[in-house]
Amino acid sequence: MSENKEPRTVKFVYDFTEGNKDLKDLLGGKGANLAEMTNLGLPVPPGFTITTEACKVYLDSGEEPVALRDEVTAHLDALEQKMGKKLGQPDNPLLVSVRSGAKFSMPGMMDTVLNIGLGDKSVQGLAKQAGDERFAWDSYRRLIQMFGKTVLGIDGELFEDALEAAKSAKKVQVDTDLEATDLKKLVTKFKKIVKTEAGRDFPQDPREQMDLAIKAVFDSWNGDRAKLYRRQERIPHDLGTAVNVCSMVFGNLGPDSGTGVAFTRDPASGHQGVYGDYLQNAQGEDVVAGIRNTVPLAELEQIDKKSYDQLMQIMETLENHYKDLCDIEFTIERGQLWMLQTRVGKRTAGAAFRIATQLVDQGLIDEAEALQRVNGAQLAQLMFPRFDEDAKVQMIGRGIAASPGAAVGKAVFDSYTAIKWSRSGEKVILIRRETNPDDLDGMIAAEGILTSRGGKTSHAAVVARGMGKTCVCGAEELEVDTKRRRLTVNGTVVEEGDVISIDGSSGKVYLGEVPVVPSPVVEYFEGRMHAGADDADELVEAVHRIMAFADRKRRLRVRANADNAEDALRARRFGAQGIGLCRTEHMFLGDRRELVERLILADSEAEREESLKELLPLQKQDFVQLFEATDGLPVTIRLLDPPLHEFLPDITELSVRVALAESRKDANENDLRLLQAVHRLHEQNPMLGLRGVRLGLVIPGLFTMQVRAIAEAAAERKAAKGDPRAEIMIPLVGTVQELEIVREEADEVIAEVEAATGTKLKLAIGTMIELPRAALTAGQIAEAAQFFSFGTNDLTQTVWGFSRDDVEASFFTAYLEKGIFGVSPFETIDKDGVGSLVKAAAEAGRATRPDLKLGVCGEHGGDPESVHFFHEVGLDYVSCSPFRIPVARLEAGRAASTSTGSDHR
Ligand code: ADP
Ligand code: MG
Ligand code: MG
């Protein structure tokens with residue numbers, strides 16, 4: 001529809017000499033880095049990059065911009081001049097590669113096509129000019145193969161099969177044993193495949209080859225796989241991809257040529273050294289495709305000392321220039337080294353921490369930058385227990401690392417058995433082809449979950465992550481036979497009851513019990529290992545230093561969700577600066593249940609008061625212990641929240657008991673009353689029923705008993721010269737009136753205790769913001785609240801209208817696969833919806849009460865991306881489970897030092 005009227009000033013093609021590494025938006029990652037290397041004076045084969053802008057025009061209008069063709073022609077002319085030969089020139093052809101390269105490297109984009117420009121005539125010219133007929137025909141067959149597959153969309157297997165057939169006809173193992181005549185025949189075969197499959201001849205016009213390949217790169221931006229990936233990673237769909245046209249250099253010109261990959265440091269340990277692989281007489285992906293055995297990069301020193309030395313020099317230059325671990329692709333053509341790609345390299349979690357501190361020590365980066373080189377997900381990974389690396393193991397397969405951890409147990413193939421066995425104290429691993437909502441109870445019962453189908457968004461993966469349970473999914477080599485209750489993998493059979501071990505951080509599956517060792521990083525946080533000690537490893541030392549950087553930078557405080565003294569002490573060790581959420585429901589369970597039943601069943605005021613009076617000293621004692629453990633730190637105590645039926649016996653069990661007793665004619669009076677109460681309290685949607693502040697308003701004396709217990713405990717601690725800092729938090733408030741009533745009663749009780757003990761207590765009273773109405777009326781609520789704590793779990797449920805337990809198991813997989821969200825809103829805060837309520841409520845609350853303290857106590861408080869959001873909207877603290885505290889500290893530090901907008905991913 002559009003007429004491609006782009007202004008004349010837009011430039012669609014950049015020579016490698018014109019770009020630089022900061023132009024990733026325009027030139028893509030590959031193009032920007034090729035330009036950077038060119039301008040560093042490194043040996044990069046000349047070429048040019050077609051910008052993402054050109055791609056955008058193509059995607060919008062369905063046609064390449066008019067000016068593009070001319071610009072490509074001009075740049076090609078210049079390239080031909082520089083190289084002294086013309087694209088596809090029969091007697092001395094210039095050949096190029098056409099390579100896709102978007103801002104972010106992405107699966108599903110078009111594979112590179114090498115040797116573009118070759119045809120029936122120029123293959124002869126290439127042979128003559130290189131003095132090597134085999135090489136020329138090898139290059140030609142590769143071109144037809146790659147072009148056929150990626151540009152013309154022909155099934156690659158057809159070419160692979162023909163190549164295999166040629167090798168077996170000749171009784172040779174590897175492609176290099178095929179001679180010129182064999183390859184010539186293969187070319188004929190390949191051309192036939194093109195003709196039948198694509199319905200056209202393989203194009204002989206070199207420019208047509210190039211143009212088709214460029215267009216195919218543009219088109220691949222909208223391939224299904226690329227689209228899905230972008231939706232999931234939230235990469236905008238309108239970025240477009242760049243296209244790089246790069247003059248060919250040849251690693252397949254004989255034994256003095258070859259191709260390789262290298263890292264400037266070990267991506268596993270971070271150590272500097274010589275890491276990489278090299279393959280002689282090979283082109284392009286051969287080195288990683290496993291078609292022949294590669295040699296370790298260090299051996300290149302013997303093969304070609306000059307190129308090796310030059311490569312080492314270049315690697316050092318690159319590292320100092322990028323100030324980070326780089327990975328590199330290179331080719332040697334008859335003793336001449338060429339650089340074909342570099343980028344900041346991927347690394348393991350442990351290496352990320354080590355490399356960051358190593359680079360600080362080398363003076364290449366500062367502390368703020370070091371924080372950008374690591375992230376909370378990596379730290380979390382380092383905190384899981386892991387399998388003993390020195391143990392003798394028998395690995396039987398590998399799947400997708402879907403939810404981290406190391407789990408060992410007996411193999412079971414159905415949920416029922418999982419539950420039965422785990423009830424009798426066995427540890428089990430639930431193995432399924434894939435899971436569905438019927439497997440939920442089995443998943444809860446299992447130590448870990450293993451499936452042979454499905455990816456990171458499969459049911460098993462989503463639910464396991466939600467439960468924090470180890471999961472390996474999509475281990476495709478495993479044949480899971482649920483009927484015969486066994487799995488087969490490469491000849492090994494695992495029967496029901498056999499022990500297996502699964503590693504949710506690596507995706508590896510082992511037969512037998514692999515010993516589990518605690519994470520040294522956790523040992524460090526627990527204070528059982530010291531960073532300076534002799535036996536502390538480099539990793540612990542690095543984590544220690546990075547945490548110190550983070551603590552120095554961060555503005556957000558980090559608290560823990562902890563319900564008892566033991567958890568509170570651990571949280572302190574992990575660096576918590578207080579308790580953001582102490583739930584009190586456990587104080588009503590166990591042997592106190594009977595008192596609670598009496599409270600609920602009470603017919604008279606006197607009966608109710610009696611049971612409350614008995615609960616009071618018990619709860620007070622709990623608080624005394626808690627205040628001891630948290631001396632000097634703030635502790636937010638939430639008054640009773642869950643619906644009452646949770647404290648009563650299960651309705652079915654009780655009904656059966658009563659029915660049996662009645663049939664024996666000895667029905668127990670208490671059971672009958674209980675059953676009535678259970679029926680009365682039964683709710684269709686307990687999550688939205690009688691709970692939170694509503695309980696406090698409906699059951700006289702309940703909240704005041706809790707407040708009294710807190711106040712008396714605080715007074716006792718003060719008398720003992722302690723420093724208790726309790727904050728009383730009212731859950732599920734929807735309107736300020738609810739809070740006002742509870743507060744008045746609480747203030748009275750506190751005043752009584754103060755008078756009776758002669759101590760000033762300074763107890764703050766605040767509320768959770770976990771209902772949309774509370775968020776929307778936060779300005780009013782702040783009049784009665786001294787602090788807000790955003791309960792983002794319930795807020796997410798109520799804003800979305802999701803019942804978490806129901807939706808995660810039933811349809812989140814579908815939502816994730818359709819890309820409706822890239823990550824569950826229960827994992828990472830939904831910034832646009834839930835987040836905007838948090839932001840607005842925080843602002844409204846502070847407008848009413850400028851010193852209002854603001855925190856968050858949902859699971860999001862320990863989620864990296866969410867922590868950044870809470871930092872941005874100006875909360876005072878996040879609170880999360882003790883185990884996530886280091887992650888929150890780190891991410892809070894990173895959030896406070898990202899303002900420069902580093903694009904380090
Ligand atoms: P990817 O994005 O998959 O890494 P590349 O564009 O880097 O794809 O290319 C695939 C392979 O082809 C790599 O091994 C690369 O080094 C090689 N290659 C690309 N262009 C050339 C060229 N002009 N000469 C020689 N080899 C090349
Ligand atoms: Mg590459
Ligand atoms: Mg809640």
Side-chain angles (χ1 to χ4, degrees), residues 232 402-403 414-416 418-419 422 430 432 434-446 449 451 453-471 473 561 583 585 641-648 650-653 678-679 681-692 694-695 731-732 734 768 770-775 790-830 832-835 837 857-860 863 866 881:
Q232 293 180 344
S403 179
D414 64 292
S415 261
Y416 178 76
I419 298 161
S422 85
L430 178 63
R432 304 286 289 166
E434 23 190 2
T435 59
N436 63 49
D438 296 339
D439 294 314
L440 199 60
D441 292 332
M443 295 173 76
I444 294 169
I449 296 125
T451 70
R453 300 272 167 74
K456 275 209 147 138
T457 59
S458 64
H459 179 268
V462 174
V463 175
R465 272 202 301 278
M467 301 194 293
K469 196 147 279 194
T470 303
C471 175
C473 65
N561 299 348
R583 302 176 189 84
E585 31 274 29
D641 183 43
L644 287 181
H645 74 85
E646 289 194 11
F647 301 98
L648 294 179
D650 175 70
I651 191 164
T652 339
E653 263 170 44
V678 171
H679 276 295
L681 293 172
H682 177 78
E683 292 173 311
Q684 296 297 338
N685 297 301
M687 184 187 96
L688 301 175
L690 178 58
R691 52 170 287 218
R694 303 163 191 177
L695 283 174
L732 214 76
M768 288 186 79
E770 51 186 337
L771 290 175
R773 194 181 189 289
F790 291 95
T792 51
N793 293 350
D794 270 341
L795 193 58
T796 301
Q797 299 203 84
T798 52
V799 166
W800 282 83
F802 281 160
S803 152
R804 180 174 185 176
D805 294 338
D806 296 317
V807 296
E808 267 187 351
S810 63
F811 64 82
F812 261 31
T813 294
Y815 265 43
L816 287 160
E817 265 159 19
K818 287 185 199 300
I820 293 171
F821 29 67
V823 53
S824 157
F826 292 108
E827 253 176 74
T828 295
I829 189 142
D830 149 39
D832 297 341
V834 178
L837 273 182
C857 64
E859 274 163 64
H860 297 108
D863 168 68
S866 310
S881 71

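We're numbering straight along the sequence, starting at 1. These values consider heavy atoms only, across backbone and side chains, with no hydrogens, waters or symmetry-generated copies.
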State the [atom1]-[atom2] distance between [X] and [Y], to the nearest 0.5 angstrom.
X	Y	atom1	atom2	value
Ile651	His679	CD1	NE2	4.5 Å
Lys469	Met443	NZ	CE	8.5 Å
Leu430	Ile419	CG	CD1	9.0 Å
Leu732	Leu771	CG	CG	4.5 Å
Phe790	Met768	CZ	CE	10.5 Å
Leu837	Asp832	CG	CG	11.5 Å

Could you check whether any side-chain heavy atom of [X] comes within less than 4.5 Å of a side-chain heavy atom of [Y], counting everything from C-beta outward?
X	Y	answer
Phe826	Val807	yes
His645	Val678	no
Ser458	Arg453	no
Val463	Phe812	no
Phe647	Pro642	yes
Phe802	Glu808	no
Leu695	Leu690	yes
His860	Thr796	yes

Taking [Y]'s backbone N and O only, do any of them form a donor-acceptor pair with [X]'s side chain (distance below 3.5 Å, no angle check)?
X	Y	result
Thr798	Leu795	yes
Arg465	Ala402	yes
Asn685	Leu688	no

TODO: Flag the pair Arg691 and Asp794 as a salt bridge only when some basic side-chain nitrogen lies within less than 4.0 angstrom of an acidic carboxylate oxygen.
DONE: yes
TODO: Apply the test side-chain contact (heavy atoms from CB on, under 4.5 Å) to residues Glu770 and Thr792: give CA-CA distance (whole Å), side-chain angles for both, the deciding distance (0.1 Å), then the verdict.
DONE: CA-CA 6 Å; Glu770 51 186 337; Thr792 51; over 6 Å; no
How close do [X] and [Y] get, heavy atom to heavy atom, and via which atoms?
X	Y	answer
Ala445	Ala418	CB-O, 3.8 Å
Ser415	Asp438	OG-O, 3.9 Å
Ile829	Ser866	N-OG, 2.9 Å
Pro437	Ala809	CG-O, 3.1 Å

Task: Option among Asp439, Thr435, Thr813, Thr451 that satisfies the side-chain hydrogen bond (donor to acceptor under 3.5 Å, both in side chains) test with His459 - done: Thr435
